[in-house]
Amino acid sequence: MSFDVGADERHTVVFSFNKFWGGLSITVDGHEVVNTVRIASVKLVKRYNLVIGAREQHYVTIEHRRKLLFGGLRDQPVHAYVDGVLVAEGIA
């Protein structure tokens, strides 16, 4: 899933998740800002908060949700918010 942030100072955010290996990464303009492995988790919703931009700052929150049972085998919705407004949705 990818989406753009900013009006004058444009940035591209890319979220990727590999359900088989559990690898999760978030990049901003090609630079990796989050790189982790989610194998087992008790939380059903994991939030990633970022501040993007220098002159034009925006607060980005990416929510990655999983189901209670067999979460790794089922679709996992992902929602991206910029300054509290939903800008992108996807399935991991």
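The first residue of the sequence shown is numbered 1, and numbering continues consecutively from there.
When hydrophobic residues (I, L, V, M, F, W, Y) are linked wherever their side-chain heavy atoms come within less than 4.5 Å, V14 remains an isolated member.
For F3, there are no ring pair (Phe, Tyr, Trp, His ring centres under 6.0 Å) partners, not counting sequence neighbours. Every salt bridge (Lys or Arg N to Asp or Glu O under 4.0 Å) that E63 has, sequence neighbours left out, goes to R47, R65. With sequence neighbours excluded, no residue satisfies ring pair (Phe, Tyr, Trp, His ring centres under 6.0 Å) with Y48.
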Could you give the side-chain donor-acceptor pairs of residues 81-92 under 3.5 Å, partners two or more places apart or in another chain?
from : atom 1 : to  : atom 2 : distance (Å)
D83  : OD1    : Y59 : N      : 2.9
D83  : OD2    : H58 : ND1    : 2.7
E89  : OE2    : H79 : NE2    : 3.3

Name each donor-acceptor pair under 3.5 Å that joins a side chain in residues 24-33 to protein atoms two or more places apart or in another chain, with its distance.
from : atom 1 : to  : atom 2 : distance (Å)
S25  : OG     : S16 : OG     : 2.9
D29  : OD1    : T12 : N      : 2.8
D29  : OD2    : H11 : ND1    : 2.6
H31  : ND1    : D29 : O      : 3.1
E32  : OE1    : N35 : ND2    : 3.3

Test log, rule side-chain contact (heavy atoms from CB on, under 4.5 Å), inputs F15 and V78
CA-CA 9 Å; F15 174 89; V78 180; 3.6 Å; yes
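For the pairing with Q76, the side-chain hydrogen bond (donor to acceptor under 3.5 Å, both in side chains) check across H64, K46, K19, R66 returns one residue only, H64.
A donor-acceptor pair under 3.5 Å is formed between the side chain of E9 and the backbone N or O of E56.
I62 and L44 sit in two unconnected hydrophobic clusters of ILVMFWY residues. Membership requires side-chain heavy atoms under 4.5 Å apart, directly or through other members.
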